[in-house]
K.L.:
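Pasting a structure below so you can have a look.
To find a chain, count down the sequence lines: A is the first, B the second, and so on, and within it residues start at 1. As the structure is a computational prediction, the values presented were derived from the model and not from experiment. Quick note: numbers below take in every heavy atom, side chains included, and nothing from hydrogens, waters or symmetry partners.
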Amino acid sequence: MFKELDPLLHSELRLAVMSVLISLEEADFVYLQKQTGASPGNLSIQLDKLNAAGYIEMEKTFRGKKPRTVCRITPRGLEAFRSYVEAIKGYLEV
Amino acid sequence: MTTLVIKAMEKVLNEKESLELITRMIDNTRKGMEKNAARPMLIFGYVSVLTALAVWFAIRQTGDYMYNLLWLSIPVLGWIIYWIMERGKTRTQGASQSHMGKIITRIWILLAVAMFLCAAAAFLVHPFPATFVITLLVSVGVSTTGLMVLYKPFIVCGLIGILLSFAFLWVDGINTIPLIAIAFVIIMVVPAHILQCAANKKLRSDV
């Protein structure tokens, strides 16, 4: 029996964001945008979804006069990502 | 293979693509970290070497040992150059911090405080083997960094530095200063350039 894939992670941009954050303590919006190649609007929407699900936490700060959003993966997000990778491996029989 | 459609406008992934995406993103993030990892070591390495040569030249020309105060410019100059370079990078590339990077930064801050106290003690306590202690601390820092990220050139150059630092217990006077410059080249500049070259080579091979 295959495990059901987490629909929140089974999307290109959200999965890309989680894959970047899994290797890091934290990353800001510009860094995530550069790494994923996403448009600011789309990235913002997907980050909000991950934040609402409790997979990431977002901290809005200022660098000088410019607003800055810093993202971190949460323990819940870490667990969801781990389960997702296990499920994918099950499908592919890796 | 199952394929889920999450929502219109969002790219649909199959399982193979998902795994490839995860691998690619983690790999890109790691390569980005490797590319930037050498920068602080290169900056502080070159600033230390140039300061050593400046102190040596100034004392040789004037005979005034107060020029030893120039050593205190290393952390100030190093941080200013690093801050300027990082600020430019952050504007265009964004900022990130790895778990390992955070721990390594904390270790180097601790070592920098210890080095500063040693430098201060050298002005107050005579004789004080400041060159020995500072070179030893920097070497331990480089080796520790190498052991944490499992990078051999850092471990080897750090260990060479630890051995070299004991030579400063026997060398005295103005001739110590060019030896400090050489030691910093071996301990910091050489391994940082090796890391930089390796990271650039890896990035080029991916293009």
K.L.:
Quick one: does A/Leu15's side chain get under 4.5 Å of B/Ile22's, heavy atoms only?
P.N.:
yes

K.L.:
Is A/Arg72 in contact with chain B via its backbone, its side chain, both, or neither, using a 4.5 Å heavy-atom distance?
P.N.:
neither

K.L.:
Please state whether the side chain, the backbone, both or neither of B/Arg30 comes within less than 4.5 Å of a heavy atom of chain A.
P.N.:
neither

K.L.:
If the plane angle is over 60° it's perpendicular, under 30° parallel, otherwise tilted; pick one for B/Tyr46 and B/His193.
P.N.:
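Geometry flag for B/His193 against B/Tyr46: perpendicular rings.
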
K.L.:
If you count heavy-atom pairs within less than 4.5 Å of chain A, which of B/Ser98, B/Ala95, B/Ser18 leads?
P.N.:
B/Ala95

K.L.:
For A/Arg76, is there an ion pair with A/Glu79 - N to carboxylate O distance below 4.0 angstrom?
P.N.:
no

K.L.:
Contact part of A/Val70 toward chain B, heavy-atom cut-off under 4.5 Å: side chain, backbone, both or neither?
P.N.:
neither

K.L.:
Using the six-membered ring of B/Trp108, assess whether NZ or CZ of B/Arg106 lies under 6.0 Å from its centre and within 45 degrees of the ring axis.
P.N.:
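Judged by the rule, B/Arg106 and B/Trp108 form no cation-pi pair.
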
K.L.:
Relative to chain B, which of A/Gln35, A/Lys34, A/Glu25 shows the most heavy atom pairs under 4.5 Å?
P.N.:
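Heavy-atom pairs under 4.5 Å are most numerous for A/Glu25.
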
K.L.:
Side chain, backbone, both or neither: which part of A/Phe29 has a non-hydrogen atom closer than 4.5 Å to chain B?
P.N.:
neither

K.L.:
Counting only non-hydrogen atoms closer than 4.5 Å, does B/Thr92 touch chain A with its backbone (N, CA, C, O), its side chain (CB onward), both, or neither?
P.N.:
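Just the backbone, heavy atoms under 4.5 Å.
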
K.L.:
Is the ring pair B/Phe44/B/Trp79 parallel, tilted or perpendicular, if the boundaries are 30 and 60 degrees?
P.N.:
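Perpendicular, since the angle between the ring planes exceeds 60°.
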
K.L.:
Does a sphere of radius 6.0 Å around CZ in B/Phe116 hold more than 12 heavy atoms from other residues, nucleotides or ligands, not counting ones at 6.0 Å or beyond?
P.N.:
no

